Amino acid sequence: MIACMGRIVPSTDADVSTISQSLDLQGSFESGGIMGVAGKDFGGLYSVKPLALIKPSGTEDIARVVKAAARTSHLTVAARGNGHSINGQAMAAGGLVIDMRSTEENHFKLLTIDDSPYIDVSGGALWEDVLKRCVSMFRLAPRSWTDYLSLTVGGTLSNAGVSGQAFRYGPQTSNVTELEVVTGKGEITVCSETQNSELFFGALGGLGQFGIITRARVKLQPAPDMVRWIRLVYSEFEEFTRDAEFLVTREEAESFDYVEGFVFSNSDDPINGWPSVPLDPDHEFNPVHIPQSAGSVLYCLEVALHYCHTDHPSTIQTAVSGLLERLGFVRRLKFQVNVSYMEFLLRVKRVEEHAKANGIWDSPHPWLNIFLSKSSIVDFDRTVFRKMLKDGVGGPMLIYPLLRSKWDDRTSVVLPEGEIFYIVALLRFVHKGPSVEKLVAQNHEIVKWCNKEGLDFKLYLPHYQSREDWKRHFGKQWSRFVERKFSFDPMAILAPGQKIFKRAHTNLN
Ligand code: FAD
């Protein structure tokens, strides 16, 4: 059986030369001081030294790397997507890091299956590039997104991939029909719902534990031209959640195409407060309209409706008004703009550019993401948002509902019980103020409080240090997760940065 966690066996110079000579790669092998970002990630909380960074040219190279690691007694292999993890999940201390971005151009191919369009893409492709290529070449686009698109296909599929379209189409893991995977045995395997299905569902949301996703087949739909993007302010949490849940449970023709939400501080704080809400610099948030009954925080429902250039403006206006009239937001605190579909999907790119210009994009990001059952959300708001986080987190505090029936229980993702659950994302940017340690401690305090109160929740993009915590996280899915590990990566070579399993010492030869 595979044990969890454990001591890292130091690697030697002999390892480097033996491995690099045996690989016979089409791509490159780097060791020593030139490995750049291989030991860092977006979180900025962890830093480790890998043995080598490999830039494969394709699937065969990746299989060779995994097989070479399997011939040793201790080497591990981490696929690195774009390194946008928070807690070192894409790292390999003393191991081999595979830079998946070097394969990003591979596999790109449009297919039609049973009259429906699909795109084959590399696991190392950025979603941003998938979007741009699909829209410009075919006027088609994937259906389910993440908010930020400089993430790789393999990186988000290994977690779930969630944004404001997931209430309708499910997460990104519900929008792929076939994968090519290099398992922990170095085998190249094509899998789908009907072919090698255990590997297919295991790899989706599998935290990189069962194989390296080298190709994914993604469902497409016609890309709209334009988006009406709207923000609606609420002072009462119950009204905000009632309307959000109303929208995500309506039929497609009777709702928006995107539904998200966020909590903001009831203050003039430029990052966490009123100025963070308007969508256009010319729009003003006038606090005079905030109801007297409002508390320390306010809520914003963010919705969007797709449309085409050929739609008459009055048609869009009628559709939007018809949807808005049933909602209970503060009437004078409504903000809206029309933007192109690409501009809308790339909206966080602008935030990134701005944050880079201000020098805060590269600061540490002690983020916390939680899936929380509908039954627990009011308690969470009362204690966490309104008390613990009433001054904000230095960045967005997202909260929006998702529907469990749009997720496939056969994948490795674990969710709270009940049909409606919320994603809560505390996207902290460390400006001035509390130290990173204090913010990490506050995250722990929140999780501890959720446990103490018996809230029904699961961490998204989970990060744990002990076997007991991982077992608790997976709950009744733990034995299936361990069995899959034993089948597809029996020596626990893959994704050591998740700290779930300890590298087994058995040599395959
Ligand atoms: P990495 O961080 O490089 O890797 C993540 C894990 O997946 C590692 O364990 C790695 O070994 C493994 N892995 C990487 N590539 C592969 C592969 N090809 N095959 C198998 N395993 C692999 N998530 C959402 O769901 N919705 C959002 O809206 C969202 N917004 C974000 C915004 C920002 C600014 C950031 C930094 C993150 C956001 N995320 C979001 C989280 C994001 O989905 C995860 O952090 C994801 O893992 C990052 O993708 P990556 O390509 O950088 O993966």
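All values below come from the heavy atoms of this structure, side chains included, with hydrogens, waters and symmetry mates left out. As the structure lists them, so they are numbered: ligands from 1, and atoms in each ligand from 1. Here the structure is a predicted model, which is why all the values come from computation and not from measurement.
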Looking at D120 and R215, is any side-chain nitrogen of the basic one under 4.0 Å from a carboxylate oxygen of the acidic one? yes
Among G211, G123, A79, closest by heavy atom to atom 20 (C) of ligand 1 is G211
For ligand 1, is there an atom lying under 4.0 Å from some heavy atom of W367? yes
Does even one non-hydrogen atom of D41 get within less than 4.0 Å of ligand 1? no
Does K185 come within less than 4.0 Å of D489, counting only side-chain N to carboxylate O? no
Decide, yes or no, whether a salt bridge links E198 with R480 under the criterion of side-chain N to carboxylate O below 4.0 Å. no
State whether the shortest distance between N or O atoms of S163 and N or O atoms of ligand 1 falls below 3.5 angstrom. no
Which of these, Y148, F210, W361, has its nearest heavy atom closest to atom 33 (C) of ligand 1? Y148
Only heavy atoms of G83, strictly under 4.0 Å: list the atoms of ligand 1 that pass. 1 (P), 2 (O), 3 (O), 52 (O)
Indicate yes or no: does E302 engage R231 in a salt bridge with an N to O separation below 4.0 Å. yes
Residues R410, D408: salt bridge by 4.0 Å N-O rule: yes
So is G161 close enough to ligand 1, meaning a heavy atom under 4.0 angstrom away? yes
Considering distance alone, does some N or O of T146 sit under 3.5 Å from an N or O of ligand 1? no
Between T173, I213, N369, flag the one that comes closest to atom 18 (N) of ligand 1 by a heavy atom. I213
Name the one of E180, E178, E193 that satisfies salt bridge (Lys or Arg N to Asp or Glu O under 4.0 Å) with R217? E178
Heavy-atom nearest option to atom 38 (C) of ligand 1, drawn from L461, I62, I98, L151: L151
Purely on distance, is any nitrogen or oxygen of G208 under 3.5 Å from one on ligand 1? no
Taking NZ, NE, NH1 and NH2 as the nitrogens, is one of them in E104 or R101 under 4.0 Å from a carboxylate oxygen of the other? yes
Any N/O of Q89 closer than 3.5 Å to an N/O of ligand 1? yes
